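Notes follow once the structure below has been shown.
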Amino acid sequence: MIDPDGSDAIPFDDPLEVRRAKVEAMRAAGEQPYKVRYDVTAHVSDLVATYSALPAGEETTDIASVAGRVVAVRDQGRAAFIVVRDATGDIQLFCRADALGDDGFQASAALDLGDWVGARGSIMRTRRGELSVAPTEVVLLSKSLRPLPEKYHGLSDTETRYRQRYVDLIANPEVRDVFLTRFKILSVMRRFMESRGYLEVETPMLQPVPGGATAKPFVTHHNALDMQLYLRIAPELYLKRLLVGGSDRVYEINRSFRNEGMSPRHNPEFTMLEAYQAFGDMEAMRELTESLIAAIAVDVLGTTEIVYQGVPVSLASPWRQASMADLVSEACGRDVSVHTPLPELLALCDTHDVPIQPGWGPGKLVNELFEKLVEHTLHQPTFVTLYPAETSPLARRNDADPELTDRFELIVTGRELANAFSELVDPVDQRSRFEAQATAKAAGDEEAMCIDEDYLRAQEYGMPPAGGLGIGVDRLVMLLTDSASIRDVLLFPHMRPEA
RNA sequence: GGGCCGUUAGCUCAGCUGGUAGAGCAGGGGACUCUUAAUCCCAAGGUCAUAGGUUCGAUCCCUAUACGGCCCA
């Protein structure tokens with residue numbers, strides 16, 4: 001299509017081409033559509049706070065320079081209202097031809113939605129009550145070539161929202177709030193851990209032996225050493241090596257990677273808090289978990305009473321504690337434990353449609369019954385305790401019952417949010433547990449652990465008694481932001497390649 | 001891996017038991033010096049996800065594929 005008056009051969013049905021032509025026209029006129037910098041004197045939120053009491057219709061002589069993205073233009077002919085969004089909020093520019101000059105006004109009114117602009121002028125509040133900058137200068141800082149999503153409905157297509165998060169963040173301010181909350185949660189978490197005397201450390205993400213969890217790792221290759229490496233599935237074994245080295249309290253907010261399926265609760269890479277306390281135990285970790293999560297809720301949300309997906313959740317102390325055996329027994333209507341004869345456990349699994357695999361012992365079967373029958377029913381925070389030793393190869397055996405471990409998982413809204421135990425520090429027992437895992441791996445369990453000889457060597461030097469804790473940070477953010485999917489709390493969730 | 005649902009203009013959505021598509025916003029032209037989902041006038045914008053099939057004729061029915069969502073394993 002050709003411009004009807006024939007003066008320019010601009011294809012005005014293609015937004016990208018129209019804007020490219022504008023850029024070319026600017027360059028032809030000697031203007032730079034991509035400036036080098038702009039001296040900003042105020043963020044929008046500062047202006048909103050400072051001038052909250054400014055009455056409607058008042059004009060001040062205070063001058064400010066703001067910069068942001070144009071998100072709305074309302075052209076009135078010889079005046080124009082331009083809404084600019086910076087990182088802290090939206091503010092209106094009240095552009096008038098008499099203040100900007102004819103050329104300046106024309107240029108302002110010609111701005112496109114999405115353009116980055118800087119503006120300098122006096123602070124005022126319009127007669128309709130909108131805080132505004134009345135600019136004597138409006139500068140295009142960076143030209144946008146693509147049209148923004150619809151101004152009222154925003155961007156709702158989930159695929160585009162996740163793939164092009166930058167557009168999602170422009171179009172949907174509430175998305176920005178979720179990630180601001182995520183940042184606050186991490187910030188409070190770090191301050192809390194530091195206040196408890198924990199040292200933040202960094203341990204390898206590239207590991208020669210993947211350990212610390214039962215999961216399938218991503219495999220990679222180091223060219224220089226011509227060796228296979230794994231992206232960590234957990235930092236646990238390295239953090240515990242630090243206890244051998246004499247560290248007293250350490251934690252790592254870690255990205256870990258598991259080569260498994262994706263779901264609304266699983267992303268191949270995810271964030272955990274892992275913490276270890278020498279001379280502590282499971283009980284110390286239970287107290288830490290409860291205090292930390294409640295403190296985060298109070299600090300970030302101002303309350304321990306939250307709502308997740310329409311259902312109230314109380315994070316107020318104390319949280320329920322119950323043993324796995326008691327919970328499974330309740331669900332099955334009969335006593336069930338790791339000491340229940342194997343045929344009876346197999347019959348229970350059959351009754352409750354729990355799929356089983358050959359080689360599973362009573363501990364694994366009880367654990368499967370728990371996950372099938374109980375886990376999803378625990379909506380309020382619950383510490384599930386006394387996990388089977390069979391499925392807890394890094395946890396210390398319970399003194400009263402060596403088939404169990406001093407371990408808990410914290411379940412909230414039917415999901416595992418944290419996992420902790422009194423650490424297994426006996427190198428002889430640890431080796432036998434690793435060997436049991438190796439047997440399972442040889443029998444086809446791809447998630448079973450590998451024997452980590454260096455970790456065993458470290459333990460042989462002597463590891464202090466310790467408590468260890470892992471908290472799923474993404475799931476905690478989901479809980480505290482009322483997000484249904486992990487993808488809503490990850491800035492750039494994993495996606496298949498675009499079609 | 002299995003099941004169900006979805007994919008129509010840049011965005012948000014319509015589209016009648018099958019006759020090759022509409023709106024709003026955005027974009028283009030014009031009017032307007034207090035608007036804020038501004039308003040008003042005019043014009044434009046589509047390989048209906050992709051590839052096959054059925055049919056005189058397919059956005060619509062069938063099959064496969066891709067991507068996405070939810071549920072299950």
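Below, chains carry the letters A, B, ... as their sequence lines are ordered, and counting in each starts from 1. Just so we're clear, the structure is a prediction, and the values are computed from it rather than from any experiment.
- Nucleotide B/A58 is matched to nothing when pairs are restricted to Watson-Crick or G-U wobble geometry with both distances under 3.5 angstrom.
- Across all strands shown, B/G1 forms a Watson-Crick or G-U wobble pair with B/C72, both key distances being under 3.5 Å.
- In this structure, A/Leu140 and A/Met26 have side chains that are in contact, with non-hydrogen atoms separated by less than 4.5 Å.
- For the residue pair A/Thr214/A/Glu447, the side-chain donor-acceptor check at 3.5 Å is not satisfied.
- What separates CG of A/Leu54 from P of B/C34 is a distance of 19 Å, to the nearest Å.
- The two residues A/Ser483 and A/Val489 come nearest to each other via the heavy atoms OG-CG1, 3.6 Å.
- What separates OH of A/Tyr152 from C1' of B/U36 is a distance of 13 Å, to the nearest Å.
- Between A/Lys143 atom NZ and B/G27 atom P the separation is 10 Å, expressed in whole Å.
- Figure legend. B/U17 is base-paired to no nucleotide; pairs are counted as Watson-Crick or G-U wobble with both atom distances under 3.5 Å.
- Each of A/Met262, A/His266, A/Glu269 was scored for a side-chain contact (heavy atoms from CB on, under 4.5 Å) with A/His494, with one residue passing: A/Met262.
- In this structure, the nucleotide among B/C70, B/C67, B/G69 sitting nearest to the side chain of A/Thr158 is B/G69.
- Within 4.0 Å of A/Tyr162, counting heavy atoms only, lie sugar-phosphate atoms of the nucleic acid but no base atom.
- Salt bridge annotation for A/Lys364-A/Glu390: absent, with no cationic side-chain nitrogen under 4.0 angstrom from a carboxylate oxygen.
- Scanning residues 347-367 of chain A for heavy-atom distances under 4.0 Å to RNA chain B yields A/Pro355.
- Distance, A/Asp102 CG to B/U33 C1': 13 Å, rounded to whole Å.
- Rounded to whole Å, the distance from CG on A/Leu16 to P on B/G45 is 18 Å.
- Within 6.0 Å of the CZ atom in A/Arg496, the count of heavy atoms belonging to other residues, nucleotides or ligands does not exceed 12.
- Regarding A/Arg20, its CZ atom lies at a distance of 17 Å from the P atom of B/G27, rounded to whole Å.
- Across all strands shown, B/C67 forms a Watson-Crick or G-U wobble pair, both distances under 3.5 Å, with B/G6.
- Looking at A/Glu274 and A/Arg232, no side-chain N of the basic residue comes within less than 4.0 Å of a carboxylate O on the acidic one, giving no salt bridge.
- Backbone-only engagement by A/Arg163 is indicated by non-hydrogen atom pairs under 4.0 Å involving sugar-phosphate atoms exclusively.
- The side chain of A/Asp112 sits closest to B/G27 out of B/C71, B/G69, B/G27.
- Here the separation of B/G6 from B/U63, taken at their P atoms, is 14 Å to the nearest Å.
- If you take CG of A/Asp488 and P of B/G68, they are 15 Å apart, rounded to a whole angstrom.
- Listed by residue number, the members of residues 67-81 of chain A with any heavy atom below 4.0 angstrom from RNA chain B are A/Arg74, A/Asp75, A/Gln76, A/Gly77, A/Arg78, A/Ala79, A/Phe81.
- Within the structure, a side-chain polar atom (N or O) of A/Arg496 is placed less than 4.0 Å from OP1 or OP2 of B/G68.
- With both pairing distances under 3.5 Å, B/A37 is matched to nothing as a Watson-Crick or G-U wobble pair.
- Of the candidate nucleotides B/U36, B/C70, B/C34, B/U36 has the atom lying nearest to any side-chain atom of A/Gln92.
- Looking at heavy-atom distances under 4.0 Å, A/Arg487 makes contact with sugar-phosphate atoms alone, never a base.
- Straight-line distance between the P atoms of B/C48 and B/C61: roughly 16 Å, to the nearest whole Å.
- Remark: B/G27 base-pairs with no nucleotide; criterion is Watson-Crick or G-U wobble with both hydrogen-bond distances under 3.5 Å.
- For A/Leu113, the side-chain atoms get nearest to B/A26 when compared with the rest of B/A26, B/G28, B/C70.
- For A/Asp39, the side-chain hydrogen bond (donor to acceptor under 3.5 Å, both in side chains) partners at least two apart in sequence or on another chain are A/Arg37.
- Comparing the C1' positions of B/G1 and B/U8 gives a spacing of 31 Å, expressed to the nearest Å.
- Residue A/Lys372 places no side-chain N or O under 4.0 Å from the OP1 or OP2 atom of B/C72.
- The number of heavy-atom neighbours closer than 6.0 Å to CD of A/Glu330, taken from other residues, nucleotides and ligands shown, is 12 or below.
- When the P atom is compared between B/G46 and B/U50, the two are found 14 Å apart, to the nearest whole Å.
- Applying the ring-ring contact (aromatic ring centres under 6.0 Å, His included) rule to pairs touching residues 77-111 of chain A yields A/Phe81-A/Phe94, sequence neighbours excluded.
- For A/Asp62 and A/Tyr51, the side-chain atoms include at least one donor-acceptor pair closer than 3.5 Å.
- Taking the C1' atoms as reference points, B/A31 lies 16 Å from B/A43, given to the whole Å.
- Distance A/His376 NE2 to B/A73 P: 11 Å, rounded to the nearest Å.
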Protein proximity profile, nucleotides 9-15 of chain B - base contact B, sugar-phosphate-only contact S, no contact -, cut-off 4.0 Å on heavy atoms: -SBSS--
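- In this structure, A/Lys143 pairs ionically with A/Asp112, as a charged nitrogen and a carboxylate oxygen lie closer than 4.0 Å.
- Judged as a side-chain hydrogen bond (donor to acceptor under 3.5 Å, both in side chains), and not counting sequence neighbours, A/Thr158 has no contacts.
- Atom C1' of B/A14 sits at a distance of 14 Å from the matching atom of B/C60, rounded to the whole Å.
- Rounded to whole Å, the C1' atom of B/G52 lies 16 Å from the corresponding atom of B/U47.
- Note on A/Lys372 versus A/Glu368: no salt bridge recorded, every NZ/NE/NH1/NH2 to OD/OE distance being 4.0 Å or above.
- B/G22 and B/G3 have their P atoms separated by 37 Å, given to the nearest Å.
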